[in-house]
Amino acid sequence: MRKAIFVALAAVSIGTLLSSNPATAASLGLFEVSGVEGDDMLKMRAGPGTGYRVILGLPNGTVLRVHTCEQTGGTRWCNVSLEQARGLKGYVSWAYLRKL
């Protein structure tokens with residue numbers, strides 16, 4: 001009986017891992033801010049959308065660790081932390097990120 005429960009739990013766990021969206025992984029890796037116009041900056045926000053307060057402006061070349069991403073309206077928002085200050089976390093638009 002215990003073996004059957006273990007096998008069932010293992011099958012559910014494997015199925016969850018295989019069917020999960022890569023955007024929900026613990027970390028998608030390192031990315032840099034790219035494509036921001038001129039002297040503008042990418043806005044890191046408190047939540048996934050333009051209605052959330054701006055935490056920080058990020059210039060092109062800023063290295064971020066992307067943790068998760070989610071689609072909100074027409075924009076894919078990513079939960080990120082600064083690589084040089086991991087305690088600083090927020091959301092940025094996926095459109096301005098380039099994989100390192």
Side-chain angles (χ1 to χ4, degrees):
M1 177 73 169
R2 287 185 183 173
K3 185 176 180 180
I5 292 172
F6 175 77
V7 170
L9 289 174
V12 169
S13 297
I14 290 170
T16 301
L17 288 172
L18 293 176
S19 66
S20 68
N21 182 340
T24 61
S27 174
L28 299 176
L30 295 179
F31 290 74
E32 76 174 344
V33 175
S34 176
V36 178
E37 294 290 326
D39 62 349
D40 201 2
M41 293 190 186
L42 177 62
K43 293 169 182 68
M44 178 188 281
R45 297 182 176 274
T50 57
Y52 290 90
R53 72 179 168 82
V54 175
I55 296 171
L56 185 66
L58 305 168
N60 285 326
T62 303
V63 178
L64 302 171
R65 180 167 300 279
V66 176
H67 301 287
T68 62
C69 295
E70 61 186 80
Q71 192 74 25
T72 302
T75 305
R76 185 175 180 194
W77 292 91
C78 296
N79 179 261
V80 301
S81 60
L82 285 172
E83 183 60 13
Q84 296 298 318
R86 292 190 185 172
L88 189 54
K89 296 180 180 181
Y91 289 81
V92 299
S93 171
W94 172 260
Y96 295 96
L97 298 179
R98 182 178 66 176
K99 181 79 171 150
L100 289 178

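Just so it is clear, the model here is predicted, and its values are computed rather than measured.
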message = Count I, L, V, M, F, W, Y as connected when their side-chain heavy atoms are under 4.5 Å apart, and connections chain through other members. Are Leu58 and Trp94 then in the same cluster?
response =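 Yes, one cluster joins them.
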### Message
Once rounded to the nearest 0.5 Å, what's the spacing between atom SG of Cys78 and atom NE2 of His67?
### Response
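Spacing of SG (Cys78) from NE2 (His67) equals 10.5 Å.
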**Asked** Just how far is it from atom OH of Tyr91 to atom SG of Cys69, taken to the nearest 0.5 Å?
**Response**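 Reported value, rounded in 0.5 Å steps: 10.0 Å.
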Evaluate side chain to side chain contact (heavy atoms under 4.5 Å, CB included) for Ser27 paired with Arg65, printing each intermediate quantity in order.
CA-CA 7 Å; Ser27 174; Arg65 180 167 300 279; 3.5 Å; yes
Between the side chain of [X] and the main-chain N/O of [Y], is any donor-acceptor distance below 3.5 Å?
| X | Y | result |
| --- | --- | --- |
| Asn60 | Val36 | yes |
| Arg45 | Tyr52 | yes |
| Thr62 | Pro59 | yes |
| Lys89 | Leu82 | no |

Do [X] and [Y] come within less than 4.5 Å of each other through their side chains, counting heavy atoms only?
| X | Y | value |
| --- | --- | --- |
| Ser81 | Leu88 | no |
| Val63 | Gln84 | no |
| Leu64 | Val33 | yes |

Practice task
Check the pair Gln71, Trp77 against side chain to side chain contact (heavy atoms under 4.5 Å, CB included), reporting the backbone distance first and the verdict last.
Solution key: CA-CA 6 Å; Gln71 192 74 25; Trp77 292 91; over 6 Å; no
Just checking Phe31: does its CZ atom have more than 12 heavy atoms from other residues, nucleotides or ligands closer to it than 6.0 angstrom?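 Yes, enclosed.
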query = Taking only residues two or more places apart in sequence, or in another chain, which ones meet Arg53 in a salt bridge (Lys or Arg N to Asp or Glu O under 4.0 Å)?
reply =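 If we apply the salt bridge (Lys or Arg N to Asp or Glu O under 4.0 Å) test to Arg53, skipping adjacent residues, there are no hits.
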